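Below, chains carry the letters A, B, ... as their sequence lines are ordered, and counting in each starts from 1. Bear in mind the structure is a predicted one, so any value in this text is a computation, not a measurement.
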Amino acid sequence: MRRLLFLIPLVLAIAAVHLLCAWTGTLYYLTQMTMSAYYSLLVIGLCVVMGYAGQISLGHAGFFAIGGYLAAAFTTRNLAGLQDALPVRMLDAAGLLVSGRDVYGGAQLVVTPWAACVAAVLAAALIALLIGIPVLKLKGHYLAMATLGFGIIIYKIALAVPYFGGADGISEVPPFNLLPGLAITGGSANRIANYYIAWTLVLLGVTLLWNLIHSRVGRALRAIHGSERAADSIGVDTARYKLYTFMLSAVFAALAGVFLTHYNGGIGPSEAGVMKSVRYVAIVAVGGMAHIWGALVMGTLLNFLSLRGVFGTYDDAVFGAILILIMLFAPEGILQTGIMDRLRRLVSRREED
Amino acid sequence: MALLEVDSLRRCFGGLVAVKDVSFAVEKGVIKAVIGPNGAGKTTLFNLISRALAPTAGRVRFDGCDLQGKKPHQVASMGMARTFQNIEMFSGMTALENVMVGCHVRSRAGFLASMFALPWTRPEERKIRERSLALLDLLGLADLADKEAAGLAFGQQRAVEFARALAMEPTLLLLDEPAAGLNIYETAEVGRLITRIRDLGVTILLVEHDMSLVMEISDEIVVLSFGQVIAQGPPQAIQQDPDVVRIYLGE
């Protein structure tokens with residue numbers, strides 16, 4: 001249990017934010033805090049790929065979109081017309097379908113959120129596997145370009161395929177009953193409960209990744225980052241480890257997509273956009289690359305500010321600028337002690353002049 | 001049967017034959033050295049043996065098993081460890097962590113077991129740490145355990161690299177120019193280390209430029225020139241071999 005003590009500050013912070021919002025009468029902030037939590041789920045997964053295994057992905061908005069779009073499509077697209085088709089009958093027999101009435105009162109038959117979630121996440125993992133096998137042989141900017149290409153393809157598919165709703169995306173996504181009485185859904189009545197659901201999921205995610213990076217596997221990943229050749233010579237199956245890490249982060253991204261889509265009640269093509277991927281990379285960089293905590297804190301903070309509209313129409317530009325500034329001045333992230341030293345040195349140099 | 005058998009190994013880079021039908025064997029428990037002038041193909045030969053490069057023709061048998069089609073990490077898990085000419089420390093990791101990575105093939109916690117911190121992973125992790133500390137201690141590096149490995153002195157990094165290789169519990173250790181970049185004192189220290197490792201029961205094959213080191217510690221020597229074996233034998237015989245003398249000292 002002592003290993004989990006690191007979670008205490010996070011639990012306290014989560015409760016503190018709630019109390020602070022309640023005290024200042026700004027409970028509506030919890031909506032954006034909930035959405036930020038789900039984005040952070042993606043960011044911490046990407047952090048393991050980038051910071052620990054040392055691989056870059058400019059396509060993670062694609063995995064988020066795969067999760068979100070498939071969950072949305074499966075739970076809203078009416079299968080009533082296909083009721084007699086064998087696959088639909090089999091799904092029904094397995095209890096994976098739920099029937100009801102659509103807004104016009106017609107018969108509606110859709111996949112249950114749990115089944116849709118599992119299918120969406122498996123799809124993301126499978127696509128990560130198929131993309132990862134050829135693409136992870138690349139390094140540096142070649143890998144960045146290849147993953148960027150993947151992200152663009154997913155974006156175009158979301159935009160072009162009628163099943164995914166084109167430019168409108170998919171709306172009317174039903175709540176996701178995680179456990180009896182615990183549903184992921186928007187609306188002010190469920191705000192506080194959903195804030196805690198989201199952050200409980202983040203706590204779970206952080207715990208799993210924290211365990212991973214402090215294990216034999218985590219060491220092997222850092223070794224790959226340090227010297228792939230040497231890691232190979234020591235018996236680390238570098239190709240397989242990079243692939244599994246990539247798939248793991250795709251699963252985190254897809255889960256984030258599934259949860260946020262149920263919370264928002266829909267998803268649109270902007271979630272699959274390339275600028276979203278750039279934003280996630282920028283957040284991991286600001287957080288200090290190999291720092292789950294940094295990624296979590298910066299992911300929550302920046303997404304919260306962005307969702308509150310603080311950056312206005314310059315939203316994407318802000319994240320672009322952050323990426324440039326971080327690469328130039330604080331490649332170790334801004335939560336590192338190094339940056340304080342560097343600033344101090346900068347100041348003292350001024351004084352000497 | 002020899003531990004390592006290299007049989008008519010050949011590797012071409014375009015029109016250049018870097019390693020040309022090289023054959024030799026390494027018996028268990030010896031220190032064998034491969035020497036030769038710059039560009040003789042020594043490092044290529046090492047890369048072929050450890051499967052970092054695939055040969056154009058020929059075979060390598062290790063511990064009675066043909067390495068044809070094996071990947072470097074598979075060869076490593078069979079008990080063949082190697083070090084690099086330009087020491088490849090894992091940067092951003094401490095000396096201890098570097099050695100702990102060396103235990104990779106002798107432990108088994110995978111992605112899921114690690115993420116869920118299954119109960120059996122904890123004793124394994126503790127064993128990895130204890131073994132690694134013991135190895136650092138054995139090589140006289142105990143005080144440096146928590147120092148960042150890439151920031152250590154060159155000679156110390158070399159020793160950490162040895163410890164990391166030993167953590168794999170290898171039967172054969174390939175050393176690519178272990179004395180490169182070291183001064184004479186450090187070289188002598190590395191020589192003592194190598195014989196100590198041999199005495200632990202690890203067979204050693206090394207590539208080296210430093211003649212005094214090679215002559216002092218090797219049981220057998222293979223001389224390469226332009227990718228070909230021109231002489232093989234114990235150090236005294238090699239020192240008197242007219243071909244070897246001609247290559248090293250000129251006509």
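Shown here for Phe90(B) and Ala230(A), the closest heavy-atom pair between the two residues is CE2-CB, 3.6 Å. Contact record, Leu212(A) with Phe111(B): CD1-O, 3.7 Å, taken as the closest heavy-atom pair.
Neither the backbone nor the side chain of Ala290(A) comes within less than 4.5 Å of any heavy atom of chain B. Using a 4.5 Å cut-off between heavy atoms, Ile213(A) makes no contact with chain B at all. At a 4.5 Å heavy-atom cutoff, Gln74(B) makes no contact with chain A through either its backbone or its side chain. With a 4.5 angstrom heavy-atom cutoff, Ala117(B) touches chain A via backbone and side-chain atoms both. Residue contact with chain A, scored on non-hydrogen atoms closer than 4.5 Å, involves the backbone and the side chain of Met93(B) alike. Within the 4.5 angstrom heavy-atom criterion, no atom of Arg51(B) approaches chain A. With a threshold of 4.5 angstrom between heavy atoms, Glu125(B) approaches chain A through side-chain atoms but not through N, CA, C or O.
Inter-residue side-chain proximity for Phe84(B) and Ser233(A) is flagged as met; some heavy-atom pair is nearer than 4.5 Å. Contact check for Ser114(B) versus Val217(A): side-chain heavy atoms found under the 4.5 Å cut-off. Counting heavy atoms from C-beta on, the side chains of Ile234(A) and Val101(B) come closer than 4.5 Å.
Checked against a 6.0 Å centroid threshold, the rings of Tyr241(A) and His104(B) count as neighbours.
Between Glu97(B) and Arg219(A), none of the side-chain N atoms (NZ, or NE/NH1/NH2) sits under 4.0 Å from a carboxylate O, so this pair counts as no salt bridge.
By the 6.0 Å contact criterion, OH on Tyr142(A) is open, its count of non-hydrogen atoms from other residues, nucleotides or ligands being 12 or less. Open room surrounds CZ on Arg129(B); 12 or fewer heavy atoms of other groups in view lie less than 6.0 Å from it.
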| said: Using the rule given for side chain to side chain contact (heavy atoms under 4.5 Å, CB included), can you reason through Lys71(B) versus Asp237(A), listing the C-alpha separation, both sets of side-chain angles and the distance that settles it, and then say yes or no? | reply: CA-CA 9 Å; Lys71(B) 299 220 173 71; Asp237(A) 190 343; 5.7 Å; no

Requested in this report: List the steps, then state whether side chain to side chain contact (heavy atoms under 4.5 Å, CB included) holds for Met115(B) with Leu248(A).
Outcome: CA-CA 11 Å; Met115(B) 282 170 73; Leu248(A) 180 67; 3.6 Å; yes

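Side chain to side chain, Ser107(B) and Arg216(A) meet the donor-acceptor criterion of an N or O pair below 3.5 Å.
The line from CG of Asn98(B) to CZ of Arg222(A) is 9.5 Å long, rounded to the nearest 0.5 Å. Atom OG of residue Ser227(A) and atom CD1 of residue Ile87(B) lie 12.0 Å apart, to the nearest 0.5 angstrom.
The candidate with the highest count of non-hydrogen atom pairs below 4.5 Å against chain B, out of Ile224(A), Leu209(A), Asn211(A), is Asn211(A). When each of Arg108(B), Arg82(B), Met89(B) is scored by its heavy-atom pairs under 4.5 Å with chain A, the top score falls to Arg108(B). Annotation: maximal heavy-atom pairing with chain B below 4.5 Å, among Gly235(A), Ala220(A), Gly218(A), occurs at Gly235(A). With respect to chain A, the highest number of heavy-atom pairs below 4.5 Å among Val105(B), Leu112(B), Ile128(B), Thr121(B) belongs to Val105(B).
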